Novice: 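Here's a structure for you.
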Protein chains: 2
Amino acid sequence: MSENSENKVAQHNETYKDGKPILVAVDNVIFGFDPEEEKLKVLLFQRQVEPQAGNWSLIGSFVGPDESAEFAAQRILTKFTGLKDVYLEHFQSYSEVERDPGARVISLGYYSLIRIDEQKDELVKSFNAKWFNVDEIPDLVIDHNQMVEDALHILQDDSRRKPIGFNLLPEKFTIPKLLKLYQEILQVELDDRNFRKKILSAGYLDRLDIKDKSSSKKGAYFYQFNVEKYFELIQNGYNLLLP
Amino acid sequence: MSENSENKVAQHNETYKDGKPILVAVDNVIFGFDPEEEKLKVLLFQRQVEPQAGNWSLIGSFVGPDESAEFAAQRILTKFTGLKDVYLEHFQSYSEVERDPGARVISLGYYSLIRIDEQKDELVKSFNAKWFNVDEIPDLVIDHNQMVEDALHILQDDSRRKPIGFNLLPEKFTIPKLLKLYQEILQVELDDRNFRKKILSAGYLDRLDIKDKSSSKKGAYFYQFNVEKYFELIQNGYNLLLP
DNA sequence: TCAAAAGTGTTCGGCCTACACCCATGC
DNA sequence: GCATGGGTGTAGGCCGAACACTTTTGA
């Protein structure tokens, strides 16, 4: 804390020379949803750098001198999955002095929502990256377990208010799958009839004429997210508000 | 974005040596509420460093090598207001390459809620800092106007769900003042009868036997925030949920 | 006695909850 | 024809929105 006995004017003439450079990294909690397994997952890989090389870690990178943190987060996401223009959100910063035993590194936590079906499997495999169920995350490097926990909380909060869940599903999806997804994210049981009513009454889901027969004989209608209608709703102050 | 033609293994063995040091700063959007004026305010001061010296700016500082970002944000808050252990929340990071014309600086945006009545006025004045109404913020340095806007949005979201408003009021406050505060934060009109019902029915406000007669002849009861009862409620999943 | 702010109560409608049954189809 | 998952409908209650009147007291 500042000492009042010091000369205040001097104190307060902070210049760029007072800034001590620090390493800045991003760590990206990449969420995916496996529609067959109906499980919410996080992409992890084995850290290559000492200390703690070989341990499981979030996908991260240093922020380069000529890129924004957001760009860095997108860059590594593309590098590992082949996907571009992905849903990406900053959720927290980690700056404890001793957090990284290798150096003074501040890390900006981002989370991403991707469609697992669109990722490039060869790429993911080439980095020895693996998808883990959110409830079966192994011990991670540094404070990455904390990051996953924080990201999940924010994801839960966000998905209660905005329909971001669609970023985790294929373009065409069924209501039962969507229900399963929300149950996975929020880790609660939802009444299927009430869920269907709520989600369809808002009007931003278009029913298609095709059915998905992969998980039942009757088949479930495919739906598609309608961005235009959704934006209309937001303007009028629409809120999902799931339990 | 990464080039797939490059050797993936090499790419992926990122080491600490690849990290290029960057200046890291915090900027603190310090909110206060003047109970007399009934206005939500932000503390600003005139920047001392070129470029843009003399222009109004948020209270900020570089993050030192031996402190966390949160500590730095608290440190400058204490330096300017004399207050310690203040409500402080990280809300966004700013890392565009060209954002600060003076150097490559990443800034972590924090917002604070303080009780104006507890601040040390001499300190504030000694730094030529001034309180501005949120709807009358002047042109600020760099991207600080954006920061204020972002912080206000997050504050609105947060205060709809958690009763953080109390951090802006004196220990003892009246319901009419609390109502005014919420109207200022949310920038909406609220029905006083419904507001009173909602806020009192939750049970985390204790009515005192004294009245505030400063703004009416009848006088309004003072209330006090009851932290214990509030924590009880949270455990059971309580949500404020104001409009 | 009256102006000005504080405090209380009621009605209405809508939305959320809980819950049960029919539908389509592949085997 | 039956098992399996998909889809629809309804009744009840609670909560939030809208709204009007009484209370207190200093001037």
Side-chain angles (χ1 to χ4, degrees), chain A residues 35-38 159-161 163 169-170 172-184 186 188-224 233 236-243, chain B residues 35-38 159-161 163 169-170 172-184 186 188-224 233 236-243:
Chain A
E36 266 101 72
E37 272 189 71
E38 299 179 339
S159 59
R160 260 183 261 266
R161 287 176 291 143
L169 290 173
K172 299 174 185 21
F173 53 86
T174 66
I175 303 294
K177 286 294 176 206
L178 186 62
L179 171 64
K180 290 283 169 49
L181 170 60
Y182 273 95
Q183 295 189 143
E184 267 291 295
L186 301 174
V188 291
E189 291 288 304
L190 297 172
D191 184 278
D192 58 337
R193 295 156 288 193
N194 293 335
F195 176 79
R196 185 182 289 270
K197 232 178 298 172
K198 173 138 211 169
I199 210 90
L200 289 179
S201 69
Y204 55 78
L205 290 190
D206 294 339
R207 191 167 90 174
L208 307 180
D209 285 332
I210 22 169
K211 282 189 163 191
D212 171 26
K213 299 216 169 186
S214 67
S215 61
S216 82
K217 299 165 183 176
K218 182 175 177 182
Y221 281 109
F222 275 116
Y223 284 79
Q224 215 163 1
L233 286 167
N236 305 330
Y238 169 73
N239 246 354
L240 243 191
L241 280 190
L242 291 168
Chain B
E36 266 100 72
E37 273 190 70
E38 300 180 339
S159 59
R160 259 182 262 264
R161 287 176 291 143
L169 290 172
K172 300 174 185 18
F173 52 86
T174 66
I175 304 292
K177 286 293 176 207
L178 186 63
L179 171 63
K180 290 284 169 47
L181 170 61
Y182 272 94
Q183 294 188 145
E184 268 290 296
L186 301 175
V188 292
E189 292 288 306
L190 296 173
D191 184 277
D192 58 339
R193 296 156 286 194
N194 293 333
F195 177 78
R196 185 183 288 269
K197 233 177 300 170
K198 174 138 211 167
I199 210 90
L200 289 179
S201 68
Y204 55 78
L205 289 189
D206 295 337
R207 190 167 91 174
L208 307 179
D209 284 332
I210 23 170
K211 282 188 164 191
D212 171 27
K213 299 216 169 186
S214 67
S215 63
S216 81
K217 300 165 181 175
K218 182 175 177 182
Y221 282 108
F222 275 116
Y223 283 80
Q224 215 164 1
L233 287 167
N236 306 329
Y238 170 72
N239 245 354
L240 245 189
L241 280 190
L242 291 168

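Quick caveat, the model's predicted, so the values are computed rather than measured. Lettering follows sequence order; numbering is per chain, from 1.
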Novice: Roughly how far apart are B/I199 CD1 and B/N194 CG, rounded to 0.5 Å?
Specialist: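 Between B/I199 CD1 and B/N194 CG, I get 12.0 Å after rounding to 0.5 Å.
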
Novice: Among D/dT24, D/dG9, D/dA3, which is the nearest nucleotide to the side chain of B/K218?
Specialist: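 Of D/dT24, D/dG9, D/dA3, D/dT24 is nearest to the side chain of B/K218.
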
Novice: To the nearest angstrom, how far is A/F222 atom CZ from D/dG6 atom P?
Specialist: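 To the nearest whole Å, that distance equals 12 Å.
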
Novice: Round to the nearest Å and state the distance from A/D212 atom CG to D/dT4 atom C1'.
Specialist: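 Value for this atom pair: 14 Å.
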
Novice: Starting from P on D/dG16, measure out to CZ on B/R160 and report it in whole angstrom.
Specialist: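 Roughly 15 Å, once rounded to whole Å.
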
Novice: For DNA chain D, whose closest nucleotide is more 5', that of B/K198 or that of B/R193?
Specialist: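 Upstream on the strand: B/K198.
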
Novice: In whole angstrom, give the distance that lies between atom CZ of A/F195 and atom P of D/dG6.
Specialist: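 Taking CZ of A/F195 and P of D/dG6, I get 13 Å after rounding.
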
Novice: Using atom CG of A/L179 as one end and atom P of D/dG6 as the other, report the distance to the nearest whole Å.
Specialist: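 Spelled out: CG on A/L179 to P on D/dG6 is 10 Å.
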
Novice: Wobble G-U and Watson-Crick pairs count when both distances are under 3.5 Å; given that, what is the 5' to 3' dot-bracket string of DNA chain C, with | for pairing to other strands?
Specialist: |||||||||||||||||||||||||||

Novice: Using a heavy-atom cut-off of under 4.0 Å over every strand shown, decide if B/D192 touches base, sugar-phosphate, or nothing.
Specialist: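 Here B/D192 touches no strand at all.
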
Novice: Reckon B/K213 touches a base, only the sugar-phosphate, or nothing at all at heavy-atom distances under 4.0 Å?
Specialist: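 Sugar-phosphate, no base atom in range.
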
Novice: Quick one: label A/T174 by what it contacts on the DNA or RNA (base, sugar-phosphate, nothing), any heavy atom closer than 4.0 Å.
Specialist: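 Nothing, no nucleic acid heavy atom in range.
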
Novice: Between atom NZ in A/K177 and atom P in D/dG5, what is the gap in whole Å?
Specialist: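 So the NZ-P distance, A/K177 to D/dG5, works out to 11 Å.
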
Novice: Of the candidate nucleotides D/dA20, D/dG6, D/dT8, which contains the atom at the shortest distance from the side chain of A/S216?
Specialist: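 Looking only at side-chain atoms, A/S216 lies closest to D/dG6.
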
Novice: Mapping B/A220 and B/K217 onto DNA chain C by nearest heavy atom, which one lands closer to the 5' end?
Specialist: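 This one resolves to B/K217.
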
Novice: Measure CG/A/D191 against C1'/D/dG9 and give the value in whole Å, please.
Specialist: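 Distance check: A/D191 CG to D/dG9 C1' gives 13 Å.
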
Novice: Atom CD1 of B/I199 to atom C1' of D/dC15: distance rounded to whole Å?
Specialist: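 These atoms are roughly 16 Å apart.
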
Novice: Could you pull out the closest heavy-atom pair between B/L208 and B/K172, with the gap in Å?
Specialist: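 Here B/L208 and B/K172 meet closest at CD1-CG, 3.8 Å.
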
Novice: With the side chain counted from C-beta on, respond yes when A/L186 and A/R160 share a heavy-atom pair under 4.5 Å apart, and no when they do not.
Specialist: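 Yes. Closest side-chain heavy atoms under 4.5 Å.
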
Novice: Could you tell me from which nucleotide to which nucleotide of DNA chain C, 5' to 3', there is an atom under 4.0 Å from chain A heavy atoms?
Specialist: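 Taking any atom under 4.0 Å from a heavy atom of chain A, the span is C/dC16 to C/dG26.
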
Novice: Under 3.5 Å, side chain of A/K198 to main-chain N/O of A/L240, donor-acceptor pair present?
Specialist: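 Yes, because the side chain of A/K198 sits within donor-acceptor range (under 3.5 Å) of the backbone of A/L240.
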
Novice: Using a heavy-atom cut-off of under 4.0 Å over every strand shown, decide if A/K211 touches base, sugar-phosphate, or nothing.
Specialist: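 If one applies the 4.0 Å heavy-atom cut-off, A/K211 turns out to touch nothing in the nucleic acid.
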
Novice: Answer whether the closest heavy-atom distance between the side chains of A/L205 and A/L178 falls below 4.5 Å.
Specialist: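 Yes, their side chains come closer than 4.5 Å.
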
Novice: Would a 4.5 Å heavy-atom cut-off, applied to side chains only, mark A/Y223 and A/T174 as touching?
Specialist: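 They are not in contact (no side-chain heavy atoms under 4.5 Å apart), so the answer is no.
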
Novice: Report yes if the side chains of A/K177 and A/E38 come closer than 4.5 Å at any heavy-atom pair, otherwise no.
Specialist: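 Sidechains of A/E38 and A/K177: in contact.
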
Novice: Report yes if the distance between the aromatic ring centroids of A/F195 and A/Y182 is under 6.0 Å, otherwise no.
Specialist: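 A/F195 vs A/Y182: aromatic centres under 6.0 Å.
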
Novice: More 5' along DNA chain C: B/L200 or A/L240, using each one's nearest nucleotide?
Specialist: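 Looking at DNA chain C, the more 5' nearest nucleotide goes with B/L200.
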
Novice: What distance separates B/K180 NZ from B/L190 CG, expressed to the nearest 0.5 Å?
Specialist: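 These two atoms lie 11.5 Å from each other.
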
Novice: I would like to know whether A/R161 and A/N239 meet side chain to side chain contact (heavy atoms under 4.5 Å, CB included); could you show each step before the answer?
Specialist: CA-CA 5 Å; A/R161 287 176 291 143; A/N239 246 354; 4.2 Å; yes

